[in-house]
Every structure is written in structure tokens, then in C-alpha cells.
Number of protein chains: 2
Amino acid sequence: MFNKETEYALRGLVYVRVQQILGHKPGIIEIATEIDAPLFYTGKILQRLVKMGFLMSSKGKGGGFYFDLLKPDLPLKTIVEAIEGGKAYSGCGFGLKQCNDDNPCPLHEQYAPIRASIDKLVTLNTVQSLALNYKNGEDILLKL
Amino acid sequence: MFNKETEYALRGLVYVRVQQILGHKPGIIEIATEIDAPLFYTGKILQRLVKMGFLMSSKGKGGGFYFDLLKPDLPLKTIVEAIEGGKAYSGCGFGLKQCNDDNPCPLHEQYAPIRASIDKLVTLNTVQSLALNYKNGEDILLKL
DNA sequence: ATATTAAAAGACCTTTTGGTCTTTTAATAT
DNA sequence: ATATTAAAAGACCAAAAGGTCTTTTAATAT
Ligand code: FES
Ligand code: FES
């Protein structure tokens with residue numbers, strides 16, 4: 001569904017958010033370990049997220065990653081689009097240059113609703129909502 | 001949804017099937033042009049499909065690509081799995097090592113049904129059924 | 001001040017994906 | 001036989017994705 005970078009980003013962000021709820025500010029080593037992602041790559045990805053303004057960080061002793069709680073919830077779609085580009089799930093399933101109701105490819109009728117529900121999923125779910133699900137013990141987050 | 005190679009393969013196969021219905025046996029130049037795909041790459045992909053037994057070809061004058069009409073219909077899933085590997089849409093949306101109803105990631109509940117409908121789509125649709133749709137004028141196949 | 005801690009920056013590398021092109025092989029028509 | 005046609009084979013190349021590692025910068029504690 002998502003590429004590796006997006007996966008690590010999403011897992012990392014949700015992990016940080018859960019820890020923040022618990023009053024903890026994790027660093028890259030902890031995050032990478034807990035979400036079962038490559039250490040340095042995870043670090044690089046988190047830095048990018050900070051530079052893009054989705055996440056905050058502090059250096060030095062006691063440093064780590066955290067969220068600005070004043071900002072509004074962060075929909076998955078925002079992250080996915082920032083990482084994979086705006087047309088991540090907007091294209092035609094058959095690869096036609098444009099997807100068009102009036103000029104449908106052979107898959108359009110069946111694929112268009114699926115694509116719409118993916119869009120809904122990433123629009124409605126936010127890092128915060130997933131973190132709450134997790135914290136409530138409804139979901140697991142990591143490797144098995 | 002699919003990677004480029006799979007897209008070209010699907011478009012190419014459906015195109016060949018449509019032409020076969022019309023009593024024509026197209027070659028790579030025609031196919032690549034009509035499905036708006038890179039010429040040599042398309043050739044390579046079609047050759048692979050022939051070697052895998054999904055498609056037939058003949059060399060020399062009057063040669064081209066066609067289907068063995070005695071074979072059963074070819075589900076998209078078979079092609080996708082042959083090209084992208086078996087776990088194309090079986091994995092966890094969050095990237096966990098295994099997707100499990102009893103140990104769900106934060107996206108599982110919403111993503112699992114979507115994944116199931118993608119599976120249904122590629123299982124039920126075949127090259128032949130899409131070709132018929134196209135031939136009946138219900139769909140466009142190519143570029144615009 | 002300085003030692004320690006931890007993120008930021010960035011160079012570098014590997015694998016996969018996507019793509020191009022030339023040469024060879026096989027079929028057909030003359 | 002041979003010229004022509006068209007797929008098969010395979011070498012080669014470029015970009016993107018995925019990943020590693022070292023050096024630098026900034027914060028904190030002593
Ligand atoms: S035209 Fe192909 S999915 Fe809409
Ligand atoms: S556990 Fe993640 S989709 Fe099922």
C-alpha cells in the first residue's frame with residue numbers, strides 16, 4: 001500500500017505520539033528499535049519530517065522527538081503526499097494518463113470505488129487518532 | 001496500484017486479446033504504439049509473458065502475438081503475481097511483518113476490507129473479460 | 001569551560017525498477 | 001537459395017528507492 005519510507009514515517013510518528021501521551025520523548029535509537037525499522041534510515045526520515053514541520057525535535061541531553069500539541073491533527077494523507085507525491089492514489093488503475101468517468105478504462109468501474117475508500121481512509125485517520133487507538137490497547141503497533 | 005511493468009503487461013495482453021477477436025495478430029511495434037508504452041520495454045515484457053506461458057507468439061512474416069484459445073481465462077491476479085510477486089497485496093498496510101486479525105495494526109480494521117476488494121477485483125477479472133468489455137465499446141483502452 | 005548527549009547534515013552505497021539498443025534466431029514469401 | 005520480416009536474447013544504461021555511515025551542530029549537565 002505505501003512504500004517503505006512512508007511506512008517507517010507513519011509507524012515512527014504514531015510511536016512518538018503514543019510516547020508523548022505517556023509523557024516520554026523518544027530518540028531515534030529507541031524509535032527505530034521499537035518500530036522495527038533501519039536505524040539510520042529512520043533517523044533520516046524523522047529529520048525530513050521535522051524539516052517539513054510535521055514533527056518537533058530537540059538536541060542534546062534529554063532530547064528527542066515530539067509533537068507541537070497546538071497544531072491540528074495530522075491526517076495520514078498529508079504525510080503520504082509529502083513523501084510519495086500528490087498523485088499517490090489518484091491515477092488510473094490501468095495506467096492511463098487520466099482517469100475519467102466518461103472515458104473509463106476496463107477497470108474503472110470496479111477500481112474507482114476502491115480508490116475512493118483508500119482516499120477516505122488516509123483522509124479521516126490521523127497520527128493522533130491512530131495513537132489513541134493504540135494506547136487504548138485496541139491495536140499493536142510493531143513487529144511481532 | 002500496479003507497477004509500470006504490470007501496467008504495460010495488462011494493457012498489452014488486453015490489446016492482443018481484442019485484436020484476436022477482430023481476427024488480427026499484432027506485433028510489438030503496433031502493440032507498443034497502441035497501448036502507449038515504450039517500444040523495447042514492451043517487447044521485453046511480452047517475451048517474458050510468452051516464456052511464462054501466458055501468451056503465444058510466432059516469428060517471421062505474418063508473425064505476432066496471440067492467445068491459445070484452448071487455455072482457460074487468465075485472471076489479472078495470475079499476471080500480477082507472476083510479475084510483482086505473490087505478496088503484492090497481501091501485506092499489512094502499516095508494514096508489519098504479518099497481518100493478523102487477532103493482532104491488528106491501527107489500520108487493520110479499515111484496510112483489510114479494502115485489500116479484500118482489490119483481491120476480488122484481480123481474481124474475478126480476466127484478460128478475456130476486460131477485452132470483451134472493451135470490444136463492446138464500454139471502455140477505452142489506451143491513452144487519450 | 002568542558003564532557004556528554006543526541007539530533008542535523010550530508011556523503012556514499014546497493015538494489016530494484018524502468019528503459020534502450022544490438023545481435024541472433026526463426027519463419028515466410030519470392 | 002535468399003531476401004525479408006518479426007520475435008528472442010541479452011548486453012547495457014539511468015533513475016528511483018532503500019539503506020549505511022561519518023561528521024557537524026546544538027543542547028544540557030557537571
Ligand atoms: S480510467 Fe482507469 S481507473 Fe478510471
Ligand atoms: S495488521 Fe496491519 S493491515 Fe492487518
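All values below come from the heavy atoms of this structure, side chains included, with hydrogens, waters and symmetry mates left out. Here is the naming used below: chain letters follow the sequence lines, and residue numbers restart at 1 for every chain.
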Asker: Of the non-hydrogen atoms in A/R11 and A/I35, which two are nearest, and what is the gap between them?
Answerer: NH2-O, 2.8 Å
Asker: For B/I29, I'd like to know if atom CD1 has over 12 heavy atoms of other residues, nucleotides or ligands within 6.0 Å.
Answerer: no
Asker: Starting at CD of A/E84 and ending at C1' of C/dT17, how long is that distance when rounded to a whole Å?
Answerer: 15 Å
Asker: Among the nucleotides D/dG19, C/dA7, D/dA7, which one has an atom lying closest to any side-chain atom of A/K4?
Answerer: D/dG19
Asker: So if I take every side-chain heavy atom of A/P38 and compare against D/dA9, D/dG19, C/dA9, which nucleotide ends up nearest?
Answerer: D/dG19
Asker: Closer to the 5' end of DNA chain C via nearest nucleotide, is it A/K61 or A/V50?
Answerer: A/K61
Asker: Of B/F65 and A/E5, whose closest DNA chain D nucleotide lies nearer the 5' terminus?
Answerer: B/F65
Asker: On the side chain of B/K44, is there an atom forming a donor-acceptor pair with the base of C/dG19 - under 3.5 Å, no angle test?
Answerer: yes
Asker: For C/dA6, does either OP1 or OP2 sit under 4.0 Å from a side-chain N or O belonging to A/S57?
Answerer: no
Asker: Could you tell me whether A/L39 atom CG has more than 12 heavy atoms of other residues or ligands within 6.0 Å of it?
Answerer: yes
Asker: In the strands shown, is D/dA27 matched to any nucleotide by a Watson-Crick or G-U wobble pair with both distances under 3.5 Å, and which?
Answerer: C/dT4
Asker: List the atom of B/Y89, the atom of B/K77, and the distance in Å for their closest heavy-atom pair.
Answerer: OH-CA, 4.3 Å
Asker: To the nearest Å, give me how far apart CZ (A/F40) and C1' (C/dA8) are.
Answerer: 14 Å
Asker: What's the CZ-C1' distance between A/F2 and D/dA17, to the nearest Å?
Answerer: 17 Å
Asker: Is B/I28 touching bases, backbone alone, or none of the nucleic acid, heavy atoms closer than 4.0 Å?
Answerer: sugar-phosphate
Asker: Return the value, rounded to whole Å, for the distance between atom CG of A/L55 and atom P of C/dA7.
Answerer: 11 Å
Asker: Would you find more than 12 non-hydrogen atoms of other residues, nucleotides or ligands less than 6.0 Å from B/K25 atom NZ?
Answerer: yes
Asker: Rounded to whole angstrom units, what separation is found between the CD1 atom of A/I83 and the P atom of D/dG18?
Answerer: 10 Å
Asker: Does D/dC21 have a Watson-Crick or wobble mate here (both distances under 3.5 Å), and if so which one?
Answerer: C/dG10
Asker: With a 4.0 Å cut-off on heavy atoms, is A/K51 in touch with a base, just the backbone sugar-phosphate, or nothing at all?
Answerer: sugar-phosphate
Asker: Is there a Watson-Crick or G-U wobble partner for D/dA14 with both distances under 3.5 Å, and which nucleotide is it?
Answerer: C/dT17
Asker: As a test of reading the structure: which of C/dG19, D/dA9, D/dG18 is closest to the side chain of B/Y41, going by heavy atoms?
Answerer: C/dG19
Asker: Output the rounded distance in Å from NZ (B/K25) to C1' (D/dT5).
Answerer: 12 Å
Asker: Which sits closer to the 5' end of DNA chain D, A/T6 or B/L46, going by the nucleotide each is nearest to?
Answerer: B/L46
Asker: Between B/R48 (CZ) and D/dA8 (P), how many Å, whole number?
Answerer: 13 Å
Asker: Considering every strand and a 4.0 Å limit on heavy-atom distances, what is the contact class for A/G64: base, sugar-phosphate, or nothing?
Answerer: sugar-phosphate
Asker: Given C/dG18, C/dA9, D/dG19, which nucleotide is nearest the side-chain atoms of A/Y8?
Answerer: D/dG19
Asker: Please determine whether any donor N or O and acceptor N or O are separated by less than 3.5 Å between the side chain of A/K59 and the base of D/dT25.
Answerer: yes
Asker: Report yes or no: do B/Q19 and B/Y66 form a side-chain donor-acceptor pair below 3.5 Å?
Answerer: no
Asker: Please report the distance, rounded to the nearest Å, between CD1 in A/I29 and P in C/dA8.
Answerer: 14 Å
